[in-house]
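Dropping the structure in here first, questions after.
Hydrogens, waters and symmetry mates are skipped; everything else that's a heavy atom, side chains included, is used. Counting starts at 1 for both ligands and their atoms, following the listed order. All of these numbers come straight from a predicted model, not from anything done at the bench.
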Amino acid sequence: MSERTPIKQERVLVTEIPGPKSQALHSRREAVVSAGVSSGLPSYIERGQGAILVDVDGNQMIDLGSGIAVASVGHAHPNVAQAIAEQAYDFNHTCFMVTPYEEYVEVAEALNELTPGTFKKATALFNSGAEAVENAVKVARHATGRSAIVVFDNAYHGRTNLTMALTAKNMPYKDKFGPFAPEIYRVPMSYPLRDGLTGDEAAKRAIESITTHIGAEHVAAMLIEPIQGEGGFIVPAPGFLPALREWTAEHDIVFIADEIQTGFCRTGQWFACEHEGVVPDLITTAKGIAAGMPLAALTGRAELMNAVHAGGLGGTYGGNPVAVSAALASIEVMRSEHLNDRALHIGEILTSRLEGMAEEFGCIAQVRGRGAMMAAELVHPSTLEPDADLAKAVVSACGAQGVITLSCGTFGNVLRFLPPLIISDELLNEGLDVVEAAFRSLIA
Ligand SMILES: *Cc1c(COP(=O)(O)O)cnc(C)c1O
């Protein structure tokens with residue numbers, strides 16, 4: 001391995017952000033990269049370590065987004081980098097469907113063990129979250145012989161054709177990209193801030209909608225994010241998920257938890273379903289699984305996963321050797337560095353800091369989330385009208401000060417925090433000081 005100077009875990013501003021070198025790269029990019037692919041903060045990154053990203057101008061930025069919940073073990077974790085390098089020197093590809101290798105099997109073993117449920121499980125590996133979700137739908141339809149798929153308001157499941165249909169929000173994900181796949185039915189989600197319903201009431205509303213509009217006997221699967229990610233970090237009211245889990249079991253409907261954003265220690269458990277003791281039939285994972293290498297998985301009941309004929313699931317790159325080696329190293333880091341505990345600790349800091357800001361700034365209607373997946377929903381004070389402009393302005397003000405934050409939400413008005421789980425308290429607090437200052441400067 002090449003010798004690298006360690007990156008001090010501190011924020012350093014050398015130029016304006018983005019600086020001159022980033023701006024030059026951005027012009028080059030605009031000449032050749034599709035305008036359909038955009039970047040929140042066009043600071044071009046040269047290196048990263050832990051919770052710090054260094055751009056081409058030498059600015060050191062605090063990363064409170066982890067590249068959307070991916071770099072949970074931190075950027076360039078030495079154990080993961082080592083695993084990737086060693087595997088790259090061994091072999092990079094065979095295609096598991098042509099000639100298999102042990103690391104794929106090891107990842108399947110790990111996922112079958114870590115996911116909730118003591119029943120016999122099986123796993124299949126893919127490249128992206130959307131691909132895992134598509135395969136969950138394929139498995140559920142194949143195993144049940146039914147076609148309808150139930151999804152929820154505010155859901156995000158990806159950008160491929162089937163997953164666009166599963167995703168709720170038109171702009172930017174679906175606009176003019178149709179026609180979309182049929183047999184997808186959307187029902188109301190529990191959204192405590194905006195519907196005021198208990199978990200049981202919200203579950204009853206969703207179930208009534210399914211019964212009247214589709215008929216339970218036609219439903220292959222219910223697909224749900226235990227905490228909605230892109231849709232606004234919406235934590236359903238307590239009891240909502242267990243009630244749906246119970247109802248789907250009574251009607252032989254496959255319950256699929258999309259844990260692509262919530263999984264792998266992000267919420268202080270291996271999987272967010274565990275907070276309410278919910279055991280899904282199938283679980284999709286990606287993002288945090290392999291520290292940035294493209295990998296996704298579908299894990300669940302063996303009788304469902306094995307109902308599919310041989311050759312029915314797969315893909316050229318699914319479970320790529322380098323990606324699975326990165327996953328094994330990442331999972332080991334999550335265990336040895338107790339990242340579930342770290343996520344809970346980060347959650348306490350985020351909650352108390354954001355609650356403090358909510359007291360000071362009337363524009364924060366609610367602070368919510370679990371563990372290191374926390375958000376503040378921004379509204380026009382004294383009404384609940386979403387304030388997307390403010391969310392955008394805060395993200396941009398923080399970026400200019402070298403702190404990377406993200407927004408989300410059906411209405412674009414949610415400021416979300418997904419820091420690497422190895423971030424120090426000091427760095428996290430410094431990042432939040434910048435967020436607080438941004439609010440203060442924007443709210444006259
Ligand atoms: C990101 C995400 C996806 C899509 O994953 P990709 O790897 O971008 O295809 C699906 N579901 C959820 C909950 C996600 O957060």
Side-chain angles (χ1 to χ4, degrees), residues 36-40 65-72 115 124-138 140 149-169 172-174 177 181 184 186 189 221-236 241 255-267 270-273 278 280 282-300 315 317-320 323-324 326-327 330 369-375 406-410 414 416-418:
V37 184
S38 68
S39 303
S66 303
I68 318 188
V70 170
S72 295
T115 49
L125 300 179
F126 305 98
N127 305 299
S128 71
E131 207 188 339
V133 172
E134 292 232 2
N135 280 279
V137 171
K138 283 165 66 172
I149 305 295
V150 169
V151 289
F152 289 81
D153 286 337
N154 314 301
Y156 182 84
H157 298 293
R159 294 170 177 268
T160 56
N161 186 265
L162 176 57
T163 58
M164 274 193 293
L166 301 167
T167 290
K169 191 175 171 178
Y173 308 123
K174 302 167 74 166
F177 293 142
I184 310 290
R186 193 168 308 286
M189 175 67 183
M222 173 181 281
L223 169 64
I224 189 163
E225 299 154 86
I227 299 174
Q228 291 185 318
E230 303 306 299
F233 280 28
I234 301 162
V235 186
L241 293 171
F255 185 92
I256 308 168
D258 181 347
E259 293 252 16
I260 288 168
Q261 193 154 158
T262 49
F264 290 101
C265 307
R266 179 49 56 187
T267 68
W270 283 99
F271 299 97
C273 277
V278 167
L282 298 176
I283 299 188
T284 54
T285 52
K287 294 200 164 93
I289 192 175
M293 295 305 288
L295 185 70
L298 175 62
T299 300
Y317 299 114
N320 167 273
V324 288
S330 299
R370 281 193 202 276
M373 181 174 185
M374 293 293 304
L406 305 169
S407 63
C408 64
T410 296
V414 178
R416 62 169 154 172
F417 298 93
L418 294 161

* To do: Could you tell me whether some N/O pair between Glu230 and ligand 1 is separated by less than 3.5 angstrom?
  =>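 Looking only at distances, the answer is no, because the N/O contact criterion of under 3.5 Å is not met.
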* **Best match, Asp258, Thr284, Ile224: closest heavy atom to atom 12 (C) of ligand 1** =>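 Among Asp258, Thr284, Ile224, the closest heavy atom to atom 12 (C) of ligand 1 comes from Asp258.
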* Quick one: does atom 9 (O) of ligand 1 have a protein heavy atom under 4.0 Å from it? -> yes
* **Given Gln228, Arg416, Arg266, the one that forms side-chain hydrogen bond (donor to acceptor under 3.5 Å, both in side chains) with Gln261** =>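 Result for side-chain hydrogen bond (donor to acceptor under 3.5 Å, both in side chains) with Gln261: Arg416.
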* May I ask you to say whether Lys138 pairs ionically with Glu131, meaning some side-chain N is under 4.0 Å from a carboxylate O? => no
* For Tyr173, look at atom OH and say whether over 12 heavy atoms of other residues, nucleotides or ligands are found less than 6.0 Å away. => yes
* To do: Could you tell me whether ligand 1 has any atom less than 4.0 Å away from a heavy atom of Ser128?
  =>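 Yes, Ser128 has a heavy atom closer than 4.0 Å to ligand 1.
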* To do: Go through ligand 1 atom by atom and flag the ones less than 4.0 Å from a non-hydrogen atom of Lys287.
  => 1 (C), 2 (C), 3 (C), 14 (C), 15 (O)
* Sequence-distant partners of Thr410, side chain to side chain contact (heavy atoms under 4.5 Å, CB included), two or more places apart ->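 Residues passing side chain to side chain contact (heavy atoms under 4.5 Å, CB included) with Thr410: Asn154.
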* Report the part of Ala286 in contact with ligand 1, treating N, CA, C, O as backbone and CB onward as side chain, heavy atoms under 4.0 Å; options are side chain, backbone, both, neither. => neither
* **By side chain to side chain contact (heavy atoms under 4.5 Å, CB included) - contacts of Leu162 (at least two apart)** => Glu134, Val137, Leu166, Ala181, Ile184
* Ile260-ligand 1 polar pair, N/O distance under 3.5 Å -> no
* Number the atoms of ligand 1 from 1 as they appear, then name those within less than 4.0 Å of a heavy atom of Ala130, with their elements. =>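 Listed by number with element: 4 (C), 5 (O), 6 (P), 9 (O).
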